[in-house]
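Each remark here refers to the structure printed beneath this line.
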Amino acid sequence: MRGLGLIGLVLALVIVGLLAKKQMTSAASSARPAVPGVAAPAAGDAPANVRDQAQQVQQQVKEALDAAAKTRQMPDDN
């Protein structure tokens with residue numbers, strides 16, 4: 001009975017491992033999802049290095065947050 005439980009556990013671990021490997025390879029090959037409201041960069045407009053890319057991402061996040069904050073603003077109660 002213990003042997004059957006051990007075989008089931010090993011089989012479950014193998015299945016989970018294969019699914020995780022498949023998920024990781026498909027996630028690595030897929031493109032980054034687009035942020036709504038932010039234009040995607042053109043193919044020839046790629047950043048030159050990591051610093052430029054980080055600054056570009058920070059700018060896009062800031063613009064997205066500013067746009068979201070503008071839609072959420074409510075008039076002051078005076």
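For clarity, every value in this text was computed on a predicted model and none was experimentally measured.
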Inset, instruction - Find out if a path of hydrophobic residues (ILVMFWY) with successive side-chain heavy-atom gaps under 4.5 Å connects Val57 to Leu65. - result: yes
Inset, instruction - With rounding to the nearest 0.5 Å, note down the distance linking CG in Leu4 to CG in Leu11. - result: 10.5 Å
Inset, instruction - Decide yes or no on side chain to side chain contact (heavy atoms under 4.5 Å, CB included) for Asp52 and Gln55, but give the supporting numbers first. - result: CA-CA 5 Å; Asp52 292 341; Gln55 289 175 349; 4.2 Å; yes
Inset, instruction - Taking only Lys NZ, Arg NE, NH1 and NH2, and the carboxylate oxygens of Asp or Glu, determine whether Asp66 and Lys70 approach each other closer than 4.0 Å. - result: no
Inset, instruction - Ignoring hydrogens and angles, state whether a donor on the side chain of Gln59 or Glu63 is under 3.5 Å from an acceptor on the partner side chain. - result: yes
